[in-house]
Visitor: 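I'd like to ask some things about the structure below.
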Amino acid sequence: MSVFTSDLTIDGDYASLANQARALLAGESDRIANAANLAALIFQAVPNLNWAGFYFVDPRGDPVVGPFQGRPACVRIAPGSGVCGTALVSGRTQRVADVHEFEGHIACDPESRSEIVVPLKLDDRVIGVLDIDSPVAERFDERDQAAIELLAGIYLESIRKPSDPG
Ligand code: SME
(Lines give C-alpha, C1' and ligand atoms only; values in the text may rest on other atoms or scores of the structure.)
Protein backbone atom coordinates (compact mmCIF):
# COMPACT_ATOMS: atom_id res chain seq x y z
CA MET A 1 0.00 0.00 0.00
CA SER A 2 1.21 3.50 -0.79
CA VAL A 3 0.39 6.90 0.62
CA PHE A 4 0.85 9.93 -1.63
CA THR A 5 2.27 13.18 -0.39
CA SER A 6 2.77 16.25 -2.57
CA ASP A 7 5.81 15.02 -4.44
CA LEU A 8 6.87 11.62 -3.13
CA THR A 9 5.25 8.26 -2.68
CA ILE A 10 5.58 6.87 0.80
CA ASP A 11 5.53 3.12 0.68
CA GLY A 12 6.67 0.05 2.56
CA ASP A 13 7.60 0.60 6.17
CA TYR A 14 6.70 4.28 6.21
CA ALA A 15 3.21 3.65 4.78
CA SER A 16 2.67 1.08 7.49
CA LEU A 17 4.03 3.50 10.12
CA ALA A 18 1.65 6.23 8.90
CA ASN A 19 -1.26 3.83 9.24
CA GLN A 20 -0.14 2.84 12.74
CA ALA A 21 0.11 6.53 13.66
CA ARG A 22 -3.42 7.22 12.40
CA ALA A 23 -4.76 4.27 14.39
CA LEU A 24 -2.83 5.26 17.51
CA LEU A 25 -4.04 8.87 17.48
CA ALA A 26 -7.62 8.19 16.37
CA GLY A 27 -10.26 9.17 18.88
CA GLU A 28 -7.98 11.41 20.95
CA SER A 29 -7.16 15.08 20.43
CA ASP A 30 -5.09 15.86 23.53
CA ARG A 31 -1.92 17.38 22.13
CA ILE A 32 0.36 16.09 24.88
CA ALA A 33 -1.03 12.55 24.86
CA ASN A 34 -0.82 12.29 21.08
CA ALA A 35 2.67 13.81 20.99
CA ALA A 36 3.84 11.30 23.62
CA ASN A 37 2.47 8.31 21.76
CA LEU A 38 3.70 9.50 18.36
CA ALA A 39 7.21 10.14 19.72
CA ALA A 40 7.25 6.62 21.18
CA LEU A 41 5.97 5.07 17.95
CA ILE A 42 8.56 6.87 15.80
CA PHE A 43 11.40 6.02 18.18
CA GLN A 44 10.44 2.33 18.19
CA ALA A 45 9.81 2.04 14.47
CA VAL A 46 12.45 4.14 12.71
CA PRO A 47 15.93 2.57 12.74
CA ASN A 48 19.02 4.42 13.96
CA LEU A 49 17.45 7.19 16.01
CA ASN A 50 18.75 8.51 19.31
CA TRP A 51 15.97 11.06 19.89
CA ALA A 52 12.41 11.63 18.67
CA GLY A 53 10.08 14.21 20.08
CA PHE A 54 8.44 17.57 20.23
CA TYR A 55 9.14 21.16 21.18
CA PHE A 56 6.09 23.38 21.73
CA VAL A 57 6.02 27.16 21.64
CA ASP A 58 5.25 28.55 25.10
CA PRO A 59 3.29 31.79 25.72
CA ARG A 60 6.58 33.76 25.54
CA GLY A 61 7.26 32.37 22.07
CA ASP A 62 10.10 30.02 23.08
CA PRO A 63 10.21 26.39 21.96
CA VAL A 64 10.11 24.27 25.14
CA VAL A 65 10.71 20.54 25.16
CA GLY A 66 7.60 18.37 25.06
CA PRO A 67 7.05 14.61 24.98
CA PHE A 68 10.03 12.71 23.61
CA GLN A 69 12.03 9.48 23.65
CA GLY A 70 15.79 9.45 24.07
CA ARG A 71 18.25 11.16 26.37
CA PRO A 72 17.14 14.17 28.44
CA ALA A 73 17.16 17.22 26.18
CA CYS A 74 17.67 20.99 26.29
CA VAL A 75 14.53 22.42 27.88
CA ARG A 76 14.17 25.80 26.24
CA ILE A 77 15.54 26.97 22.88
CA ALA A 78 15.64 30.60 21.75
CA PRO A 79 13.53 31.16 18.62
CA GLY A 80 15.89 31.14 15.63
CA SER A 81 18.57 29.16 17.48
CA GLY A 82 19.77 25.75 16.42
CA VAL A 83 18.00 23.46 14.01
CA CYS A 84 14.72 23.52 15.95
CA GLY A 85 14.66 27.30 16.27
CA THR A 86 15.46 27.69 12.56
CA ALA A 87 12.59 25.37 11.58
CA LEU A 88 10.30 27.30 13.89
CA VAL A 89 11.17 30.78 12.65
CA SER A 90 11.42 29.86 8.94
CA GLY A 91 8.36 27.61 8.96
CA ARG A 92 10.35 25.17 6.80
CA THR A 93 11.56 21.64 7.45
CA GLN A 94 15.26 21.44 8.23
CA ARG A 95 17.03 18.25 7.08
CA VAL A 96 20.62 18.36 8.29
CA ALA A 97 23.08 15.76 6.96
CA ASP A 98 25.75 16.60 9.53
CA VAL A 99 24.82 18.72 12.53
CA HIS A 100 28.50 19.57 13.08
CA GLU A 101 28.25 21.63 9.88
CA PHE A 102 25.10 23.47 10.99
CA GLU A 103 26.01 26.81 12.51
CA GLY A 104 24.39 27.22 15.89
CA HIS A 105 23.41 23.58 16.25
CA ILE A 106 22.46 22.86 19.87
CA ALA A 107 24.10 19.60 20.94
CA CYS A 108 21.67 18.18 23.50
CA ASP A 109 23.24 14.78 22.89
CA PRO A 110 26.81 14.92 21.54
CA GLU A 111 26.17 11.63 19.74
CA SER A 112 23.65 13.23 17.37
CA ARG A 113 25.00 13.60 13.84
CA SER A 114 21.98 14.15 11.59
CA GLU A 115 18.54 15.55 12.14
CA ILE A 116 15.14 16.38 10.68
CA VAL A 117 12.98 19.09 12.24
CA VAL A 118 9.45 19.68 10.90
CA PRO A 119 7.52 22.82 11.91
CA LEU A 120 4.00 22.13 13.17
CA LYS A 121 1.64 24.62 11.54
CA LEU A 122 -1.88 24.94 12.85
CA ASP A 123 -3.97 27.60 11.07
CA ASP A 124 -0.81 29.31 9.76
CA ARG A 125 0.66 29.51 13.25
CA VAL A 126 3.72 27.40 14.10
CA ILE A 127 2.86 25.78 17.43
CA GLY A 128 6.06 23.74 17.72
CA VAL A 129 8.29 21.26 15.93
CA LEU A 130 8.68 17.51 15.52
CA ASP A 131 12.38 16.61 15.77
CA ILE A 132 14.18 13.34 15.05
CA ASP A 133 17.92 12.85 15.56
CA SER A 134 20.31 10.10 14.52
CA PRO A 135 23.83 9.20 15.65
CA VAL A 136 24.55 8.38 11.98
CA ALA A 137 25.66 11.22 9.68
CA GLU A 138 23.58 11.54 6.48
CA ARG A 139 21.00 9.16 7.94
CA PHE A 140 18.00 10.90 6.34
CA ASP A 141 17.04 11.40 2.71
CA GLU A 142 14.09 13.11 1.09
CA ARG A 143 11.87 10.05 1.65
CA ASP A 144 12.56 10.15 5.37
CA GLN A 145 11.73 13.85 5.30
CA ALA A 146 8.45 13.27 3.41
CA ALA A 147 7.50 10.53 5.88
CA ILE A 148 8.21 12.66 8.96
CA GLU A 149 6.26 15.54 7.40
CA LEU A 150 3.37 13.15 6.80
CA LEU A 151 3.51 11.98 10.44
CA ALA A 152 3.55 15.62 11.59
CA GLY A 153 0.42 16.18 9.46
CA ILE A 154 -1.28 13.16 11.02
CA TYR A 155 -0.47 14.60 14.45
CA LEU A 156 -1.85 18.05 13.55
CA GLU A 157 -5.02 16.50 12.15
CA SER A 158 -5.51 14.49 15.33
CA ILE A 159 -5.32 17.47 17.69
CA ARG A 160 -8.06 19.31 15.76
CA LYS A 161 -10.66 16.60 16.29
CA PRO A 162 -12.82 16.38 19.38
CA SER A 163 -11.74 13.49 21.61
CA ASP A 164 -13.86 10.38 21.68
CA PRO A 165 -15.04 9.93 25.30
CA GLY A 166 -14.85 6.20 24.61
N1 SME B 1 19.74 19.72 18.11
C2 SME B 1 18.61 20.56 18.27
C3 SME B 1 18.21 20.70 19.71
C4 SME B 1 17.17 19.74 20.11
S5 SME B 1 17.79 18.22 20.40
O6 SME B 1 18.37 17.68 19.21
C7 SME B 1 16.70 17.23 21.05
C8 SME B 1 18.83 21.93 17.68
O9 SME B 1 19.92 22.27 17.28
O10 SME B 1 17.85 22.63 17.62
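Numbering of ligands and ligand atoms starts at 1, following listing order.
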Visitor: Should the pair Arg95-Asp144 be classified as a salt bridge under the 4.0 Å nitrogen-to-oxygen rule?
Guide: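 Answer for the salt bridge query: no.
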Visitor: Closer than 4.0 angstrom: is that true for some heavy atom of Tyr55 and an atom of ligand 1?
Guide: yes
Visitor: Looking at Asp131, which atoms of ligand 1 are within less than 4.0 Å of one of its heavy atoms?
Guide: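 By the 4.0 Å cutoff, the relevant atoms are 4 (C), 5 (S), 6 (O), 7 (C).
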Visitor: Taking both backbone and side-chain atoms of Ile106, is any N or O found less than 3.5 Å from an N or O belonging to ligand 1?
Guide: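 Yes, Ile106 has an N/O under 3.5 Å of an N/O on ligand 1.
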Visitor: Taking side chain as C-beta onward, heavy atoms only, is Arg125 less than 4.5 Å from Asp123?
Guide: no
Visitor: I need the full list of ring pair (Phe, Tyr, Trp, His ring centres under 6.0 Å) pairs touching residues 105-159, with sequence neighbours left out, sorted by first then second residue.
Guide: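 Sorted pair list: Phe54-Tyr155.
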Visitor: Provide the full list of side chain to side chain donor-acceptor pair (under 3.5 Å) pairs with a residue in residues 68-80, sequence neighbours left out, each pair given once.
Guide: Asp58-Arg76, Asp62-Arg76, Arg71-Asp109
Visitor: Considering both backbone and side-chain atoms of Asp133, is one of its nitrogen or oxygen atoms within less than 3.5 Å of a nitrogen or oxygen in ligand 1?
Guide: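 Yes - when backbone and side-chain N and O of Asp133 are compared with those of ligand 1, one distance drops under 3.5 Å.
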Visitor: Looking at ligand 1, does any of its N/O atoms fall within less than 3.5 Å of an N/O of His105?
Guide: yes
Visitor: Heavy-atom contacts with Trp51 under 4.0 Å: which atoms of ligand 1 show up? List them by number with element.
Guide: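 Taking each heavy atom of Trp51 in turn, ligand 1 has 7 (C) under 4.0 Å.
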Visitor: State whether the shortest distance between N or O atoms of Gly82 and N or O atoms of ligand 1 falls below 3.5 angstrom.
Guide: no
Visitor: Answer whether the closest heavy-atom distance between the side chains of Leu38 and Ile154 falls below 4.5 Å.
Guide: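 Not in contact.
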Visitor: Number the atoms of ligand 1 from 1 as they appear, then name those within less than 4.0 Å of a heavy atom of Cys108, with their elements.
Guide: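 The list of qualifying atoms is 3 (C), 4 (C), 5 (S), 7 (C).
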Visitor: Hey, looking at atom 8 (C) of ligand 1, which of Ile77, Val83, Val96 has the closest heavy atom?
Guide: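 Selected option, by shortest heavy-atom distance: Val83.
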Visitor: Rounded at 0.5 Å granularity, tell me how far CG in Asn34 sits from CG in Leu25.
Guide: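 Separation between the atoms: 4.5 Å.
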Visitor: Given that the side chain starts at C-beta and the backbone is N, CA, C, O, which of these parts of Cys84 lies under 4.0 Å from ligand 1, counting heavy atoms, or is it both or neither?
Guide: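 Both backbone and side chain of Cys84 come within 4.0 Å of ligand 1.
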Visitor: Between Val65 and Cys74, is there a side-chain heavy-atom distance shorter than 4.5 Å?
Guide: no
Visitor: Ignoring hydrogens and angles, state whether a donor on the side chain of Thr93 or Glu149 is under 3.5 Å from an acceptor on the partner side chain.
Guide: yes
Visitor: Looking only at protein heavy atoms, which one is nearest to atom 2 (C) of ligand 1, and how far off is it?
Guide: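 Nearest neighbour among protein heavy atoms for atom 2 (C) of ligand 1, to 0.1 Å: Glu115 OE2, 3.3 Å.
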